[in-house]
Amino acid sequence: MFRNPSDEERRKLLQEIHNIAVVGLSPNEARPSNRVARALQRFGYKVIPVRPLVAEVLGERAYASLSEVPVKIDLVGVFRAPQHIDAIVDECIRLGIKRLWIQLGIVNEPAALRAQQAGITVVMDRCIKIDYTQLMHE
């Protein structure tokens, strides 16, 4: 059974990361992915959009896939439907990415467990913006 990291473990993760690749980052300012990514930028993180067919989002160059990102990815944030999580986990495993945050409302327990078994720290069905606000200001 999947279990999210504790508050303390999530706080430590948020303190250790710098580059966040956001899979499914929408250029539409009204979309949750855009609002959350803008907040992450304000919090001081480097946001790397991963979204095919767009050149940039939030002033950052966009990439069609995680494998195209030319810098080290500390965390992959996911704003994609549950049926897309398996392929994202496969790519994270292949690329050696060690942290995966699957946004609030998105659940794929088999994929999350497979990622954990591959040594990836997984947070699922939680909002990184809300967790940052609560955990980093206590």
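Computed over heavy atoms, backbone and side chain alike; hydrogens, waters and symmetry mates excluded. These figures come from a predicted structure and were not determined experimentally.
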- Message: One pair to check against side-chain contact (heavy atoms from CB on, under 4.5 Å): Val23 and Val76. What are the steps and the verdict?
- Response: CA-CA 7 Å; Val23 178; Val76 172; 3.7 Å; yes
- Applying side chain to side chain contact (heavy atoms under 4.5 Å, CB included) between Asn4 and each of Asp131, Val123, Val122, report the one that passes. Val123
- Linking I/L/V/M/F/W/Y whenever any side-chain heavy atoms sit under 4.5 Å apart, do Val36 and Ile102 land together? no
- Message: Between Leu14 and Tyr45, is there a side-chain heavy-atom distance shorter than 4.5 Å?
- Response: yes
- Separation between CD (Glu68) and CZ (Arg61), nearest 0.5 Å, reads 7.5 Å
- Query: Within a strict 4.5 Å, meaning less than it, do heavy atoms of the Arg42 and Leu40 side chains meet?
  - Reply: no
- Check whether any side-chain N or O of Gln41 sits under 3.5 Å from a backbone N or O of Leu58 as a donor-acceptor pair, and report yes or no. yes
- Item | Shortest non-hydrogen separation from Pro27 to Val54 and the atoms involved | CG-CG1, 4.2 Å
- Query: Does Glu60 use its side chain to pair, donor to acceptor, with the backbone of Pro49 at less than 3.5 Å?
  - Reply: no
- Query: Got a donor-acceptor contact below 3.5 angstrom from the Glu91 side chain to the Ser67 backbone?
  - Reply: yes
- Query: Hey, what do you get for CD (Gln15) to OH (Tyr132), rounding to the nearest 0.5 Å?
  - Reply: 9.0 Å
- Note on the structure: dist Ile97:CD1 -> Ile73:CD1 (nearest 0.5 Å) comes out at 4.0 Å
- Query: Does the side chain of Asp74 reach to within under 4.5 Å of the side chain of His18, using non-hydrogen atoms?
  - Reply: yes
- Query: To the nearest 0.5 Å, how far apart are CD in Glu56 and CZ in Arg51?
  - Reply: 14.0 Å
- Any side-chain heavy-atom pair of Arg11 and Met136 under 4.5 Å: yes
- How far apart are the closest heavy atoms of Gly77 and Ile20, and which atoms are they? N-CG2, 4.3 Å
- Message: Go through it in stages, so that I can follow the logic: the residues are Trp101 and Thr121, the test is side-chain contact (heavy atoms from CB on, under 4.5 Å), and I'd like the CA-CA distance, side-chain angles, deciding distance and then a yes or no.
- Response: CA-CA 8 Å; Trp101 195 298; Thr121 299; over 6 Å; no
- Correct closest heavy-atom pair for Ala37 and Val47 would be O-CG2, 3.6 Å
- Give a yes or no on whether a salt bridge exists between Lys12 and Glu9, defined as a side-chain N under 4.0 angstrom from a carboxylate O. no
- Query: Do Ile88 and Leu104 belong together in a cluster built from hydrophobic side chains that touch within less than 4.5 Å?
  - Reply: no
- Message: Set out, in order, the CA-CA distance, both residues' side-chain angles and the distance that settles side-chain contact (heavy atoms from CB on, under 4.5 Å) for Arg31 and Phe79, then state yes or no.
- Response: CA-CA 10 Å; Arg31 300 290 302 160; Phe79 285 86; over 6 Å; no
- From Arg35 CZ over to Cys127 SG, what is the distance, rounded to the nearest 0.5 angstrom? 9.5 Å
- Query: Considering only heavy atoms from C-beta outward, does the side chain of Val89 approach that of Leu100 to under 4.5 Å?
  - Reply: yes
- Cationic N near anionic O, under 4.0 Å, Asp86 to Arg114: yes
- Donor-acceptor contact below 3.5 Å, side chain Arg80 vs main chain Ile85: no
- Message: Looking at every non-hydrogen atom in both residues, tell me the closest pair between Pro5 and Arg10 and how far apart they are.
- Response: O-NH1, 2.7 Å
- Show the numbers, then the answer: is there a side-chain contact (heavy atoms from CB on, under 4.5 Å) between Ile128 and Leu75? CA-CA 11 Å; Ile128 191 170; Leu75 172 79; 3.5 Å; yes
- Query: With hydrophobic residues grouped by side-chain heavy-atom distances under 4.5 Å, do Leu135 and Ile17 end up in a single group?
  - Reply: yes
- Message: Hydrophobic clusters here meaning ILVMFWY residues chained together by side-chain heavy-atom distances under 4.5 Å, can you tell me if Val22 and Leu66 are in one?
- Response: no
- Query: Do Ser26 and Val57 have side-chain heavy atoms sitting under 4.5 Å apart?
  - Reply: no
- Task: Please check if Leu95 and Leu25 belong to a single hydrophobic cluster, counting links between Ile, Leu, Val, Met, Phe, Trp and Tyr side chain heavy atoms closer than 4.5 Å.
- Result: no
- Would you give the length of the straight line joining atom CG of Asn108 to atom NE2 of His84, rounded to the nearest 0.5 angstrom? 11.0 Å
- Shortest non-hydrogen pair, Val107 vs Met124, comes out as CA-SD, 3.8 Å
- Message: Counting C-beta onward and ignoring hydrogens, is there a side-chain heavy-atom pair between Ile48 and Val71 closer than 4.5 Å?
- Response: yes
- Query: Where is the tightest heavy-atom contact between Gly24 and Ser33, given as atom of each residue plus distance?
  - Reply: O-OG, 3.5 Å
- Task: For the residue pair Pro70 and Tyr63, establish whether any side-chain heavy-atom pair is separated by less than 4.5 Å.
- Result: yes
